[in-house]
Amino acid sequence: MKIGTPKEVFEGERRVAMTPDSALQLQKLGHECLIESGAGAASGFDDASYAAAGVEVVKTAAALWKAADVVAKVRAPDDAEMKKLREGQTLISFFSPVGDEAKMQAAAKKGATVVAMEMIPRISRAQKMDALSSMANIAGYRSVIEAGNNFGRFFTGQITAAGKVPPAKVLVIGAGVAGLAAIGTSTSLGAITLAFDVRPEVAEQVESMGAQFVYLDFKEEQQDGAATGGYASVSSPEFREAQLAKFRELAPDVDIVICTALIPNREAPELWTEDMVAAMKPGSVIVDLAAEKGGNCKQTVMDEKIVTDNGVTIIGYTDFPSRMGTQASTLYSTNIRHLLTDLTPAKDGVINHNMEDDVIRGATIAHASEVTFPPPPPKVAAIAAAPKKPAAKELTPEEKRAAEVAAFKAQTKNQVILLGVGGALLLAIGLVAPTSFMQHFIVFVLSVFIGFQVIWGVAHSLHTPLMAVTNAISSIIILGALMQIGSGSALVVILAALAVFMCGINIFGGFLVTRRMLAMFQKS
C-alpha cells in the first residue's frame with residue numbers, strides 16, 4: 001500500500017510524521033512511501049533526502065491525499081483535510097476523539113479508518129508506539145531548557161573569585177514521563193531538584209535520578225496506577241488541601257517550577273495558586289506543561305509568556321515538542337513505523353486491521369463505517385501489579401527475644417553437626433593417609449572453611465566485583481604450580497600445567513571483569 005505524509009497545516013508545527021529513515025523501514029514492510037514537497041523542511045529533512053530514500057515526492061497535498069491508502073500525520077486534520085478523506089482510506093494521527101467528536105463521526109460516515117495515536121493503550125507491548133510518551137519526554141526536557149533561558153542565574157552552584165553562586169532550586173510537580181524527563185535534565189544541569197507526585201510508588205524513581213521526593217504528612221489510599229494506565233487519579237479534598245499547604249511552604253524557596261500534572265479527559269487541576277506565585281522571588285520561572293488543559297497555574301496564558309507584577313515569568317507554551325522538530329519527528333515517525341509494523345504482520349505491503357489486537361483496537365476510533373470510541377479495556381493489564389502481602393504481625397519484645405534465642409540455638413546446632421561430620425571425615429582419612437599428606441590436607445580444609453565464611457558474609461550484590469578481584473589476587477597459587485611444573489613425575493607436571501592454565505584465567509578474567517564493571521560507572 002501507499003503510505004503518504006502531507007505537510008502539516010497547523011500554524012507553527014515543525015514536526016513531520018515520516019522521516020527518510022522511517023521510510024526505509026516502511027519500504028521493507030512492502031509499502032510505497034509518498035511525501036508532500038516541503039513537508040519535512042521545518043524539521044531539517046529536505047525533499048532530496050526523501051528522494052534518496054526511495055520516497056516519491058508529491059507536489060500538492062490534494063494529490064497526496066488522493067494517491068495514499070494510508071495517511072500519516074502529526075496534528076488532527078482540519079476541516080479541509082477531512083473533506084479529502086475518502087472511503088477505505090486509513091488516517092493515523094493525533095485526533096482527540098473527545099474534543100473532535102464531530103470529525104470522528106464524519107470519518108466513520110465516510111467509511112474511513114482513523115487511528116488516534118494518543119489512544120495507544122499503555123501496555124508493555126505498545127510502548128514502542130506510545131507517541132504521547134515520546135512527545136512528553138521531549139516536552140519535559142525542553143521545559144527545563146526554556147526555564148533556563150528565562151532564568152537569570154546558573155542552574156549549578158559555583159564558587160568563583162567574583163563570588164559564590166548558589167544552585168537553583170527546581171520543583172517538578174508530577175513525575176510522569178514529562179516530569180521524569182524534566183527531573184533528569186534539571187539534575188544533570190546541577191540544580192537542586194525537588195519532585196512531587198500523588199503516587200507514592202514513584203518516589204524511588206525520583207530519588208534514583210538524584211532528586212528529592214516531597215512527602216506529605218498525610219495518608220490516603222491511592223488508586224493503583226495499573227487501573228489508570230499509569231496516570232494519577234483524582235485526589236480527595238483533604239489530600240488536595242495538604243498538598244497545597246506543602247506547596248505554599250515551598251513557594252518562597254524554589255526558583256523554578258515545572259508543572260506537568262494532568263488527569264486524562266479532565267481539566268488540569270490547579271496546583272500552583274495565585275498566592276504561591278506572589279510568594280515566589282522576583283526572577284523565578286514557572287513552566288506550565290498543562291497549559292493546553294487550562295494549566296496547573298491559573299495565571300498561565302496558553303501559548304504565551306507573561307511576567308507577573310512581582311517579576312515571576314510564567315510560560316504557557318503548548319508546542320514544546322514542535323520546538324525540537326528534528327528530534328520530535330524522529331521519535332514520532334518511529335512510533336508510526338512500529339504501529340504500521342503491527343498493521344502489516346505479513347510484511348507484504350497489505351494492511352491487516354485486526355480489531356482483536358489490543359493495541360490496534362484501542363487506538364482505532366473509527367472503522368468499517370462505525371465509531372469505535374471508546375474502546376473496551378485491554379485484555380492485558382497496563383501494569384502488572386504485585387499482589388499485596390498481608391501485613392506482618394507486630395511482635396512483642398518478649399516474642400522477639402524468644403525468636404532470636406530460637407534462631408541462635410538452631411544455628412549453633414547446625415554448626416556443631418557440621419563440625420562433627422567434618423571431624424569424623426578427617427579422622428577417617430588420617431587413619432589411612434600418610435602424615436605428610438595430612439599436614440597439607442588440614443591446611444587446605446581450613447583455607448576452604450575460612451574462605452567460605454568470608455564470602456558467605458558478603459551481600460549478594462557485591463559477589464561479582466568481590467570474586468573478580470579476589471580471583472585475580474588469590475591466583476598467587478600460580479607460583480606453587482610453576483615450582484612443580486619441572487617435577488620428574490608426569491602426573492605432577494600435568495596437574496601443575498592445569499593449575500597454571502586455570503590460574504591464568506582467574507588472573508586475566510578477574511581484572512577484565514573488574515575493569516568492565518568500573519566502566520559502567522564512568523561517563524562516556
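Everything numeric here is computed off the predicted structure, so don't read it as measured data.
For the ring-ring contact (aromatic ring centres under 6.0 Å, His included) test, no residue two or more places apart in sequence or in another chain qualifies with Phe10. Take Tyr317 and apply the ring-ring contact (aromatic ring centres under 6.0 Å, His included) test, not counting sequence neighbours, and it matches no residue. Under the side chain to side chain donor-acceptor pair (under 3.5 Å) criterion, Asp79 pairs with no residue at all, not counting sequence neighbours. With sequence neighbours left out, Met302 forms a side-chain contact (heavy atoms from CB on, under 4.5 Å) with Glu292, Thr318. Residues meeting the salt bridge (Lys or Arg N to Asp or Glu O under 4.0 Å) test with Glu249, sequence neighbours left out: Lys246. Checked against salt bridge (Lys or Arg N to Asp or Glu O under 4.0 Å), Glu32 has no partners two or more places apart in sequence or in another chain. Every residue two or more places apart in sequence or in another chain that forms a salt bridge (Lys or Arg N to Asp or Glu O under 4.0 Å) with Arg248 is listed here: Asp275. With sequence neighbours excluded, no residue satisfies ring-ring contact (aromatic ring centres under 6.0 Å, His included) with Phe155.
Under the 3.5 Å distance criterion, the side-chain polar atoms of Thr193 are left unmatched by any main-chain donor or acceptor of Val170. Side chain of Thr260 to main chain of Ile173: a donor-acceptor pair is present (N/O by atom type, distance under 3.5 Å, no hydrogens or angles). With hydrogens and angles disregarded, a donor-acceptor distance shorter than 3.5 Å links the side chain of Asn335 to the backbone of Lys128. The backbone N or O of Ala162 sits less than 3.5 Å from a side-chain atom of Thr160, completing a donor-acceptor pair. No side-chain donor-acceptor contact under 3.5 Å links Lys7 to the backbone of Ala41. Within the 3.5 Å criterion, the main-chain N or O of Asn296 finds a donor-acceptor partner in the side chain of Asp288. With hydrogens and angles disregarded, a donor-acceptor distance shorter than 3.5 Å links the side chain of Thr326 to the backbone of Ser43. Glu13 places a side-chain N or O within donor-acceptor distance of the main-chain N or O of Arg15, the cut-off being under 3.5 Å. A donor-acceptor pair is defined here as one N or O able to donate and one able to accept, closer than 3.5 Å; such a pair exists between the side chain of Asn150 and the backbone of Glu146. A donor-acceptor pair is defined here as one N or O able to donate and one able to accept, closer than 3.5 Å; no such pair exists between the side chain of Ser186 and the backbone of Ala182.
Between Trp272 and Ile314, every side-chain heavy-atom pair lies at or beyond the 4.5 Å cut-off. The side-chain heavy atoms of Glu270 and Arg240, taken from C-beta on, include a pair separated by under 4.5 Å. Between Leu331 and Met135, the closest side-chain pair of non-hydrogen atoms falls below 4.5 Å. In this structure, Lys2 and Asp69 have side chains that are in contact, with non-hydrogen atoms separated by less than 4.5 Å. Considering only heavy atoms from C-beta on, Leu244 comes within 4.5 Å of Met276 through its side chain. Put simply, the side chain of Met280 reaches to within 4.5 Å of the side chain of Val257, judged on heavy atoms. Residues Leu340 and Ile92 have side chains in contact (heavy-atom distance under 4.5 Å, counting atoms from C-beta outward). Side-chain contact between Lys84 and Pro77 is absent, with no heavy atoms from C-beta onward closer than 4.5 Å.
Counted by atom type alone, His353 and Thr364 present one or more donor-acceptor pairs between their side chains at under 3.5 Å. For Ser133 and Asp130, the side-chain atoms include at least one donor-acceptor pair closer than 3.5 Å. Side-chain atoms of Asn310 and Thr308 form a donor-acceptor pair, as typed in the model, at a separation below 3.5 Å.
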Can you give each donor-acceptor pair under 3.5 Å made by side-chain atoms of residues 47-56, sequence neighbours left out, with the distance rounded to 0.1 Å?
unit_1 : atom_1 : unit_2 : atom_2 : d
Asp47  : OD1    : Gly38  : N      : 3.0
Asp47  : OD2    : Ser37  : OG     : 2.7
Ser49  : OG     : Asp46  : N      : 3.4
Ser49  : OG     : Asp46  : O      : 2.7
Ser49  : OG     : Asp46  : OD1    : 3.1
Tyr50  : OH     : Met18  : O      : 2.5

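Each ring-ring contact (aromatic ring centres under 6.0 Å, His included) pair with one or both residues in residues 167-216, not counting sequence neighbours, appears once here: Phe196-Phe247, Phe213-Tyr215. Sequence neighbours left out, the pairs with a member in residues 68-121 that pass ring-ring contact (aromatic ring centres under 6.0 Å, His included) are Phe94-Tyr332. Sorted by first then second residue, the ring-ring contact (aromatic ring centres under 6.0 Å, His included) pairs that include residues 64-89, not counting sequence neighbours, number zero.
Within the model, atoms OG1 of Thr330 and CG of Asp21 stand 7.5 Å from one another, a figure rounded to the nearest 0.5 Å. Here the straight-line distance linking atom NZ of Lys169 with atom CD of Gln212 works out to 7.5 Å at 0.5 Å rounding. To the nearest 0.5 Å, atoms NZ (Lys83) and NZ (Lys110) are separated by 9.0 Å. Put simply, CZ on Arg337 and CD on Gln25 are 4.5 Å apart, with the number rounded to the nearest 0.5 Å. Atom CD of Glu101 and atom OG of Ser96 lie 11.0 Å apart (nearest 0.5 Å). Atom CG of residue Leu26 and atom OG1 of residue Thr341 lie 7.0 Å apart, to the nearest 0.5 angstrom.
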Original post:
Are Val115 and Leu339 close enough, and set up right, to give a side-chain contact (heavy atoms from CB on, under 4.5 Å), and what steps lead you there?
Top reply: CA-CA 10 Å; Val115 178; Leu339 176 63; 3.8 Å; yes
Subject >> Phe151 and Thr313: CA distance, side-chain angles, deciding distance, side-chain contact (heavy atoms from CB on, under 4.5 Å) verdict >> reply: CA-CA 9 Å; Phe151 185 57; Thr313 301; over 6 Å; no
**OP:** Would you sort out whether Glu274 and Lys298 count as a side-chain contact (heavy atoms from CB on, under 4.5 Å), showing the intermediate values?
**Re:** CA-CA 8 Å; Glu274 190 171 346; Lys298 293 307 175 185; over 6 Å; no
**OP:** Just do the side-chain contact (heavy atoms from CB on, under 4.5 Å) check on Gln205 and Met209 with the steps written out, would you?
**Re:** CA-CA 7 Å; Gln205 297 178 49; Met209 299 180 74; 5.7 Å; no
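Remark: Asp342 engages Arg125 in a salt bridge, criterion side-chain N to carboxylate O under 4.0 Å. Checked for salt-bridge contact, Glu8 and Lys73 meet the test: a charged N lies under 4.0 Å from a carboxylate O.
Among all heavy-atom pairs drawn from Thr372 and Ala366, the shortest one is OG1-N, 3.3 Å. Considering every non-hydrogen atom in both Val16 and Val74, the closest pair reads C-CG2, 3.9 Å. For the pair Ser369 and Gly111, the tightest heavy-atom approach, listed with the atom from each and the gap, is OG-CA, 3.6 Å. Closest non-hydrogen pair, Val287 versus Ala147, comes out as CG2-CB, 3.7 Å. Nearest heavy atoms, Leu262 versus Ala290: CD2-CB, 3.7 Å. Of all heavy-atom pairs between Arg14 and Gly325, the closest is CB-CA, 4.3 Å.
Under a cut-off of 6.0 angstrom, the local environment of CD in Glu207 is crowded, with over 12 non-hydrogen atoms contributed by other residues, nucleotides or ligands.
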